**Student:** 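Can you keep this structure in mind? I'll have questions shortly.
So that the names make sense, note that chain A is the first sequence line, chain B the second, and so on, each numbered from 1. Please read these numbers as outputs of a predicted model, since none were measured by experiment. Any value given below was found using the heavy atoms of this structure, including those in side chains, with hydrogens, waters and symmetry copies removed.
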Amino acid sequence: MADVVRVRFAPSPTGDIHIGNLRAAIHNFLFARHEGGKFLLRIEDTDKERNTPQAIASLLDYMAWMGLDFDEPPVYQSKSLAMHQEAAERLLKSGHAYRSTKGAEGKGEAVVFRLNFDVSYTDIVKGPLTKSAADLKDFVILRSDGTPTFHLANVVDDIAMGITHVIRGDDHVENTFKHVPLFRALGAEPPKYAHLPQIVNDKGKPLSKRDGDVNVGEFRAKGYLPDALFNALALCGWSPGDDREMMTREEMIAAFSLERVRPSPARFDYRKLEWFNSQYIARMPAGKLRELLEGELAAAGLDTSGRDARWWDALLDPVRPRLKTLKDFVPLVRTFFEPPETYDPKDVRKHLDEGNGRRVLEGLAAVFGAVADWTAQSAGTALQKYAEEKGLKFGDAAQPLRVALNGRAVSLPMDVTLFLMGKDEVLARIRRCLQRAGAAGT
RNA sequence: GUCCCCGUCGUCUAGAGGCCUAGGACAGUGGCUUUUCAAGCCACCAACACGGGUUCGAAUCCCGUCGGGGACGCCA
């Protein structure tokens, strides 16, 4: 029972989660699940100004979105003030700490922890680490206003939560030389530590807003799937040791180990994330995908009420391989909701003016008009047959039609397009295009 | 400045002395396929930072150099 692994993700709720923190959360989660332990959330909400209720709500929302389910109710650090103060008091009594006014002009007395001895610990990722007394110095644990510093609060909370492994960013290695003796002074065995390499930008510096998207919210807003983000981030600094990259959560849990985390910094590869995302979209169950895509249409203000199951069934598969993100969807299907506002001049010239595109359109209008049961099959066949009869290559018929229907020579496959657009609309757009292109033509 | 950490293709990585003429993935390039655009398939391009050791043998161990990063708050 004492051996059960307990880890925590301890963000300060600023309203969004930085990708580096998210990766730490993911590794904590994977480790806990792999070990059959507990993954906990501690909200370090001691900075009153920045930590609004909305910020906390959105933090929880992102955790849920990512599927980072924690096993016990979140711990709010702000509620442990008395416990922190009590710990400082104990350290004072035991002689591990003393009161001092040094380093602050007239602020009053703070409680300072005595750190005048060598400290060493073994990091699971970095190996044995040592710092000699000469490079260490006493540090404040309780401010003169009675509030704990990060170090005290962190350690006391970890003790209270029974944390066995601290898995966090690389930038905390130096702090660990303060935390380890603090644990001991408080009569607790320090947890095991694993410091994850930083995620850096092209220049090797820590990721910042200037580098582009760095917060979970931004990825969600850009149409990335949580599973794709999870997969990509899990692989930041860690790999299963074989050649697998696309992995289910279960596979990652089964394969995860802190020993396999690399100690060197990693650049986040946005292109690879894009690839992961397209792969996840390609493999997503139809029902789930439809649900997400309906959300995209609604967000774009497009009315989906008339679109039945047949419509979605025809749409989903052709659309899948064309989506890198969910945001690619609306531009792809907007044409099924509203006619093109403009016709691409280049495409008009190439497919309508230069060839006999207009005659093709007239012919197609007649052919389509005669199709009784309008399906992707029947409409597609009608198009194909027309091309054959006129001795045209398929493209010579399809491209002018694309321009007429979409305003440009790019679209989903013609049979699907025809079906999804509907017979009446197809005929209307051909007519409309003929008028416009005719007026503008030579 | 002091202390600490890191260094394999452009990027993420596999590699824990011989299996490495260094493997995979993304990106890039070329081709195939094709109903446009995608997707898919195939191929190609491309790396052990440098210099010394140790060893029969080093990407792997040791030392140094160079390069990069981090930490040095009554911030977290």
**Student:** Closer than 4.0 Å, any side-chain N/O of Arg260(A) to the OP1 or OP2 of A14(B)?
**Tutor:** yes

**Student:** Which residue pairs pass the salt bridge (Lys or Arg N to Asp or Glu O under 4.0 Å) test with at least one member in residues 74-90 of chain A, sequence neighbours excluded?
**Tutor:** Glu86(A)-Arg90(A), Glu89(A)-Arg99(A)

**Student:** Identify the nucleotide, in any strand shown, that forms a Watson-Crick or G-U wobble pair with C3(B), with both distances under 3.5 Å; if there is none, say none.
**Tutor:** G70(B)

**Student:** Can you list everything that forms a side chain to side chain contact (heavy atoms under 4.5 Å, CB included) with Asn356(A)? Sequence neighbours excluded, please.
**Tutor:** Arg359(A), Val360(A)

**Student:** Could you work out the separation of G17(B) and C62(B) based on their P atoms and round it to a whole Å?
**Tutor:** 12 Å

**Student:** Taking the inter-plane angle between the rings of Tyr270(A) and Phe219(A) on a 0 to 90° scale, is it parallel (under 30°), tilted (30 to 60°) or perpendicular (over 60°)?
**Tutor:** parallel

**Student:** For nucleotides 27-47 of chain B, just jot down a letter per nucleotide in 5' to 3' order: B, S or -, based on protein non-hydrogen atoms under 4.0 Å.
**Tutor:** S-------BBBBSS-------

**Student:** With a 3.5 Å cut-off and no angle check, do the side chains of Thr325(A) and Asn277(A) form a donor-acceptor pair?
**Tutor:** no

**Student:** Using atom CG of Leu152(A) as one end and atom P of C75(B) as the other, report the distance to the nearest whole Å.
**Tutor:** 13 Å

**Student:** Between the base of A14(B) and the side chain of Asp242(A), is one N or O donor paired with an acceptor at under 3.5 angstrom?
**Tutor:** no

**Student:** Under 4.0 Å, counting only non-hydrogen atoms across every strand here, what does Asn175(A) touch: a base, just sugar-phosphate, or nothing?
**Tutor:** base

**Student:** Under 3.5 Å, side-chain donor or acceptor atoms of residues 123-133 of chain A against the rest of the protein: list the pairs with distances, not counting sequence neighbours.
**Tutor:**
| unit_1 | atom_1 | unit_2 | atom_2 | d |
| --- | --- | --- | --- | --- |
| Asp123(A) | OD1 | Val125(A) | N | 2.8 |
| Asp123(A) | OD1 | Lys126(A) | N | 3.0 |
| Asp123(A) | OD1 | His195(A) | N | 3.2 |
| Asp123(A) | OD2 | His195(A) | N | 3.4 |
| Asp123(A) | OD2 | His195(A) | ND1 | 2.5 |
| Lys126(A) | NZ | Asp170(A) | OD1 | 3.3 |
| Lys126(A) | NZ | Asp170(A) | OD2 | 3.1 |
| Lys126(A) | NZ | Pro263(A) | O | 3.4 |
| Lys131(A) | NZ | Glu174(A) | OE1 | 2.6 |
| Ser132(A) | OG | Asp135(A) | OD2 | 3.3 |

**Student:** Taking ring-ring contact (aromatic ring centres under 6.0 Å, His included) as the test, write out the residues that go with Phe329(A), two or more places apart.
**Tutor:** none

**Student:** Go ahead and name the base partner of U54(B); Watson-Crick or wobble counts if both distances stay under 3.5 Å, otherwise write none.
**Tutor:** none

**Student:** Expressed as a whole number of angstroms, how long is the span from Glu174(A):CD to A76(B):C1'?
**Tutor:** 16 Å

**Student:** Hey, does His195(A) reach any base, or is it just sugar-phosphate, or nothing, if we go heavy atoms under 4.0 Å?
**Tutor:** nothing

**Student:** Can you tell me the pairing partner of U60(B) across any strand shown, Watson-Crick or G-U wobble, with both distances under 3.5 angstrom?
**Tutor:** none

**Student:** Is the number of heavy atoms from other residues, nucleotides or ligands under 6.0 Å of Lys192(A) NZ greater than 12?
**Tutor:** no

**Student:** Just how far, in rounded Å, is P of U11(B) from CG of Leu235(A)?
**Tutor:** 17 Å

**Student:** To the nearest Å, give me how far apart CG (Leu196(A)) and P (C12(B)) are.
**Tutor:** 16 Å

**Student:** Sequence neighbours excluded, which residues qualify as salt bridge (Lys or Arg N to Asp or Glu O under 4.0 Å) partners of Glu259(A)?
**Tutor:** none

**Student:** Mind checking the C1' distance from C3(B) to A58(B)? Whole angstroms is fine.
**Tutor:** 31 Å

**Student:** What's the CG-P distance between Leu59(A) and A76(B), to the nearest Å?
**Tutor:** 18 Å

**Student:** Starting from the 5' end of RNA chain B, give me the residue, Phe268(A) or Asp135(A), whose nearest nucleotide shows up first.
**Tutor:** Asp135(A)

**Student:** Under 4.0 Å between a side-chain N/O of Arg23(A) and OP1 or OP2 of C12(B), yes or no?
**Tutor:** no

**Student:** Taking atom P in both U60(B) and C48(B), compute the distance separating them and give it to the nearest angstrom.
**Tutor:** 12 Å

**Student:** Go through the side-chain N and O atoms of Ser78(A) and Asp45(A) and say whether any donor and acceptor fall under 3.5 Å apart.
**Tutor:** yes

**Student:** Atom CD of Glu274(A) to atom C1' of A25(B): distance rounded to whole Å?
**Tutor:** 15 Å

**Student:** Calculate the interatomic distance between Ile43(A) atom CD1 and A76(B) atom P; express it in whole Å.
**Tutor:** 17 Å

**Student:** Looking at the side chain of Asp243(A), which of G23(B), G69(B), C12(B) is the nearest nucleotide?
**Tutor:** G23(B)

**Student:** Taking only the C1' atom of each, what is the distance from C12(B) to G51(B) in whole angstrom?
**Tutor:** 29 Å

**Student:** Show me the pairs that pass ring pair (Phe, Tyr, Trp, His ring centres under 6.0 Å) and involve residues 120-152 of chain A, at least two apart or across chains.
**Tutor:** Phe113(A)-Phe139(A), Tyr121(A)-Phe177(A), Tyr121(A)-Tyr193(A), Phe139(A)-His151(A), Phe150(A)-His172(A), Phe150(A)-His179(A), His151(A)-His179(A)

**Student:** Are a donor atom and an acceptor atom from the side chains of Arg42(A) and Ser80(A) found within less than 3.5 Å of each other?
**Tutor:** no

**Student:** Pick the C1' atom in C61(B) and in U54(B), then give their distance to the nearest Å.
**Tutor:** 8 Å

**Student:** Under a 3.5 Å limit for both distances, which nucleotide forms a Watson-Crick or G-U wobble pair with C41(B), could you say?
**Tutor:** G31(B)

**Student:** Taking atom types as they are modelled, is there a donor-acceptor pair under 3.5 Å from the base of C74(B) to the side chain of Ser144(A)?
**Tutor:** yes

**Student:** Please give the distance between the P atoms of C50(B) and C9(B) as a whole number of Å.
**Tutor:** 10 Å

**Student:** Check every strand shown and say whether Arg168(A) touches a base, only sugar-phosphate, or nothing at a heavy-atom separation below 4.0 Å.
**Tutor:** nothing

**Student:** In the structure shown, which nucleotide is the Watson-Crick or G-U wobble counterpart of G17(B), with both distances under 3.5 Å?
**Tutor:** none

**Student:** Of all residues at least two apart in sequence or in a different chain, which pass the side chain to side chain donor-acceptor pair (under 3.5 Å) check with Lys350(A)?
**Tutor:** none

**Student:** Just list the side-chain donor-acceptor pairs under 3.5 Å for residues 382-399 of chain A, sequence neighbours left out, or say none.
**Tutor:**
| unit_1 | atom_1 | unit_2 | atom_2 | d |
| --- | --- | --- | --- | --- |
| Gln399(A) | OE1 | Arg402(A) | NH1 | 2.6 |
| Gln399(A) | NE2 | Ala409(A) | O | 3.4 |

**Student:** My understanding is that only residues two or more places apart in sequence, or in another chain, count here; which of them pass ring-ring contact (aromatic ring centres under 6.0 Å, His included) with Trp312(A)?
**Tutor:** none

**Student:** Using purine N1 to pyrimidine N3 plus N6-O4 or O6-N4 for Watson-Crick, or N1-O2 and O6-N3 for G-U wobble, both under 3.5 Å, which nucleotide pairs with A25(B)?
**Tutor:** U11(B)

**Student:** Taking the P atom of each, how far is G23(B) from A46(B), in whole Å?
**Tutor:** 12 Å

**Student:** Quick check: on RNA chain B, is the nucleotide nearest Lys205(A) upstream (toward 5') of the one nearest Leu142(A), or the reverse? Name the residue that is more 5'.
**Tutor:** Lys205(A)

**Student:** If you go through the side-chain atoms of Gln198(A), does one of them form a donor-acceptor pair with the base of G69(B) closer than 3.5 Å?
**Tutor:** no

**Student:** Does Arg310(A) CZ have over 12 foreign heavy atoms under 6.0 Å away?
**Tutor:** no

**Student:** Between C74(B), G73(B), C12(B), spot the one nearest the side chain of Glu245(A), thanks.
**Tutor:** C12(B)

**Student:** Please tabulate the protein-to-nucleotide N/O contacts below 3.5 Å involving nucleotides 5-9 of chain B, giving atom names and distances.
**Tutor:**
| unit_1 | atom_1 | unit_2 | atom_2 | d |
| --- | --- | --- | --- | --- |
| C5(B) | O2' | Lys126(A) | NZ | 3.2 |

**Student:** So which of residues 83-98 of chain A are in contact with RNA chain B, with a heavy-atom cut-off of under 4.0 Å?
**Tutor:** none

**Student:** For nucleotides G70(B) and C74(B), find the distance between their C1' atoms and express it as a whole number of Å.
**Tutor:** 23 Å

